[in-house]
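Let me begin by presenting the structure, written as structure tokens, before commenting on it.
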Amino acid sequence: MNKGIFSFLLITFSLFSAQQKPTQIAFLSDVHFQDLYGSFSDHDFKGIINPKTGKPTILRTMDSQLYSTRIFNENYFAFLKALDDIAAKGIKIVAMPGDFSDDGQAYNLRGLHKILDQYHTKYGIDFYITTGNHDPVGPFRQDAGKDDFLGEDGSPLGIYSQEKLGKTKHKIITKDIAESGYLEILEELKSFGFYPKKGNMYWSTPFDSNSFKDYSFEKALHNADYSRRMYEVSEGFSVPDLSYVVEPVKGVWMMAIDGNTYIPKSLKEHSGDPGNYRGASIGYNNVLTHKKHLIDWVKKITQEAKINGKIVIAFTHYPMIDFNDGATGEIKNLLGEKKWQLERVPDEQVAKVFAEAGLQIHFAGHMHINDTGIRSVDDHMLVNVQVPSLAAYLPAYKILTVKSPDIMEVQTEVLNDVPRFDELFPLYEKEYKTLQKAKNKVIWNKDILKSKSYHDFMLFHLKELVRLRMIPDDWPKDFIEKAEKLNGEDLLLLVQSKEQLREKGINSKAFKNWNFEDLLLDLYKFQSADELAKKDISKERLQQYQALEKLYQENEPQDLLILQIKSVFKILSLLSNSDPADHFEVNLEKQEIKRL
């Protein structure tokens, strides 16, 4: 770097720290907004009447929620609570790294738009959003629907955009349930980052050849048009890319990277066929092969930022760094390559490429987990902050405080108490009674309706999700059948005799208070909440896990069951002893983070 540029940067950064207040940005990811109190433009159905409130409500069944990695209904109230918290803290910038909707239906987009407008008008909050794999589900609008809305009699109700799609006995047809494409999302939500505002000091897309010094609002507005934001994902297949960079406050560039990569299933089909594209849930692995222009764009922006004394904060829906805290290999060996959502783990090449491109701090969602990942590549460091979902355990959002060009603070705000979270419980009571009549159906645990807080509700959701879906889908059946009969003491006695335990001063009877099912639930707590899971597990239990992990690691078993249990404890240890993921400081100059 020549002396002139170095002096300019030194003066700029000095002025930043001396004159500018710390910039705060709240990150709300995977909101999966569904408008409980919305309406359809072409049908008079407004939902079923809630006896508790007297209000018509469009909601999904509890049964569907407990088989899903996200809830569909109560997150509506959690979203409002998070926005109220952010407003009370005086934060004026909110970034939403994708899945702001649950499949981008028109009525949900309208409802989201209305709420964001309200908070902008009342509190002066500016929202900057980027797309996830649920918004849009594909690059172009496609007919769709859901068969698990709750009907008046407590049985499932289907809502579809076409009559031929529905299989349920009771159904409603409305175009507003179709899955919007990029065009419809852009038209409805253009004022939330996707288009420039006059108040922005800079706004640009990957397809804009103008430099920062040549910026004008008129040029930016021209380049924001849908037709100017297309790229060829495969030869002859042009699809949109809604990436943008914006300067909402002086000195800070927020880089919203559209990581959705929709790849054609068949090159023989028409490029405009919405059903001919594979989903984008794989994330950045497909960006490396089919969306390389984003890498060049990141290089360009980070270089321009350096020259002009700007700080780049990137956010995307998808993680750039492995989020399993070093446990991916162990999980793969135990469960197989296609379990535990391992297909969503980014290749190490992803972090390398973007670190070398100059990216330093990146916020992501998609996985509904709390995590921090760090990669150092030569003299480059990339920090990937996983923002939890408001629709899953542990419901939370992140606050970034930019203290200086090199020092940033990240804080996790957990939503323990959410007003109205139990508003829909009377409707679930009706659903449960109906399900009881269907003898062949596995019924969800009604005790979830005794939850006293949103935190308890989401923890119960995780428990039911693990029981109903995770264990049956991810874990070897024969292993579970053997292991589920064991309690903590049994696990001890598999690798140590009672005499050996006495010599080590271990009271095996104290381990009898929990069983293998409890152990697996705690494993998923750590996967979801990282270090924050420790608040939901007793200290005594955590110490017992540590003792067991040590004993199993010292053992060289030949028995398959013991080998598998040893692997479980290894995964638990890695997930529970990772980089700071609650409240921490990032020092970009020293390339380190520290727990606060």
Side-chain angles (χ1 to χ4, degrees), residues 31-68 70-84 101-103 105-115 118 145-160 168-174 176-177 390-392 395 415 417-438 441 443-458 460-461 464:
V31 170
H32 287 282
F33 179 83
Q34 287 202 141
D35 197 355
L36 295 175
Y37 306 109
S39 60
F40 303 126
S41 61
D42 56 354
H43 199 289
D44 59 5
F45 179 75
K46 288 184 170 56
I48 61 175
I49 300 298
N50 185 344
K52 183 175 181 177
T53 63
K55 293 168 65 175
T57 309
I58 303 173
L59 76 160
R60 309 272 285 280
T61 64
M62 176 63 82
D63 188 64
S64 65
Q65 293 198 129
L66 295 179
Y67 279 90
S68 171
R70 63 194 184 276
I71 60 170
F72 304 120
N73 303 323
E74 284 68 27
N75 47 315
Y76 176 95
F77 306 114
F79 183 44
L80 297 179
K81 168 61 175 172
L83 293 177
D84 287 341
S101 71
D102 202 76
D103 294 347
Q105 301 96 335
Y107 85 102
N108 288 326
L109 296 180
R110 288 196 301 268
L112 179 66
H113 187 154
K114 182 179 178 182
I115 288 173
Q118 287 172 346
K146 306 285 184 187
D147 58 9
D148 55 16
F149 285 89
L150 188 60
E152 191 67 54
D153 61 354
S155 59
L157 168 70
I159 304 182
Y160 308 96
T168 55
K169 182 179 177 183
H170 304 289
K171 67 175 72 171
I172 285 168
I173 308 301
T174 169
D176 288 353
I177 200 72
L390 299 183
L415 297 186
D417 297 302
V418 170
R420 301 168 61 194
F421 85 94
D422 57 353
E423 187 165 300
L424 309 178
F425 283 14
L427 293 170
Y428 298 138
E429 294 271 6
K430 182 183 286 190
E431 176 193 344
Y432 190 84
K433 286 178 183 176
T434 301
L435 278 173
Q436 281 183 308
K437 298 172 186 175
K441 175 72 179 173
I443 304 180
W444 45 269
N445 189 340
K446 193 181 176 184
D447 286 345
I448 193 171
L449 302 183
K450 296 177 183 176
S451 300
K452 300 298 183 186
S453 68
Y454 190 61
H455 171 273
D456 293 346
F457 180 77
M458 296 312 300
F460 209 114
H461 173 263
E464 283 291 86

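Using a 4.5 Å heavy-atom threshold, the side chains of Asp103 and Lys146 count as touching. Side-chain contact check for Arg70 versus Asn75: every heavy-atom pair is 4.5 Å or farther apart. Counting heavy atoms from C-beta outward, Leu390 and Lys81 have side chains that stay 4.5 Å or more apart. Between Leu59 and Tyr76, every side-chain heavy-atom pair lies at or beyond the 4.5 Å cut-off. Between Lys430 and Leu150 there is no side-chain heavy-atom pair separated by less than 4.5 Å. When side chains are defined from C-beta on, Ile58 does not count as touching Tyr37, because their heavy atoms never get closer than 4.5 Å. Looking at heavy atoms from C-beta onward, Lys171 lies in side-chain contact with Tyr160 at the 4.5 angstrom threshold. Side-chain contact between Leu435 and Trp444 is present, with heavy atoms from C-beta onward closer than 4.5 Å.
Remark: side-chain polar atoms of Ser155 are not paired, donor with acceptor, to backbone N or O of Thr434 under 3.5 angstrom. Formation of a donor-acceptor pair under 3.5 Å by the Lys446 side chain with backbone atoms of Tyr428 is not found in this model. Under the 3.5 Å distance criterion, the side-chain polar atoms of Thr57 are matched with a main-chain donor or acceptor of Lys55. A donor-acceptor distance shorter than 3.5 angstrom exists from the side chain of His461 to the backbone of Ser68, with no hydrogens or angles considered. Side chain of Asp456 to backbone of Tyr454: no donor-acceptor contact under 3.5 angstrom is found. Remark: the backbone N or O of Asp63 is paired with a side-chain donor or acceptor of Glu431 at under 3.5 angstrom.
Partners of Asp84 by side-chain contact (heavy atoms from CB on, under 4.5 Å), not counting sequence neighbours, listed by chain and number: Tyr119.
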Stepwise side chain to side chain contact (heavy atoms under 4.5 Å, CB included) test for Gln105 and Asp35: CA-CA 10 Å; Gln105 301 96 335; Asp35 197 355; over 6 Å; no
Verdict with supporting geometry, Glu464 and Phe460, side chain to side chain contact (heavy atoms under 4.5 Å, CB included): CA-CA 6 Å; Glu464 283 291 86; Phe460 209 114; 3.7 Å; yes
Audit row: Thr61, Phe72, side chain to side chain contact (heavy atoms under 4.5 Å, CB included) steps and yes/no: CA-CA 9 Å; Thr61 64; Phe72 304 120; over 6 Å; no
Check against side chain to side chain contact (heavy atoms under 4.5 Å, CB included), Phe149 and Ile177: CA-CA 12 Å; Phe149 285 89; Ile177 200 72; 4.0 Å; yes
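Residues Met458 and Pro395 come closest through the heavy atom pair CG-CG, 3.8 Å. Minimum heavy-atom separation, Lys52 to Pro426: CB-CG, 3.7 Å. Here the shortest heavy-atom pairing between Val418 and Leu415 reads CG2-CB, 4.2 Å. Of all heavy-atom pairs between Phe77 and Phe421, the closest is CD1-CA, 4.1 Å. Taking all atoms of both residues into account, the shortest heavy-atom contact from His170 to Leu157 is O-CD1, 3.6 Å.
Taking OH of Tyr107 as the reference point, atom NZ of Lys46 lies at 13.5 Å (rounded to 0.5 Å). The distance from atom CG of Leu66 to atom CD1 of Ile443, rounded to the nearest 0.5 Å, is 12.5 Å. Atom CD1 in Ile49 sits 7.0 Å away from atom CD in Glu152 (nearest 0.5 Å).
Taking the six-membered ring where tryptophan is involved, the planes of Phe40 and Phe45 are essentially parallel, since the angle between them stays under 30° and well short of 60°.
The pair Asp102-Arg60 meets the salt-bridge criterion, with a side-chain N (NZ, NE, NH1 or NH2) lying under 4.0 Å from an Asp/Glu carboxylate O. Here Glu74 does not pair with Arg420 in a salt bridge; the nearest charged N to carboxylate O distance is not below 4.0 Å.
Residues Asp148 and Tyr67 have side chains that never bring a donor and an acceptor to within less than 3.5 angstrom of each other.
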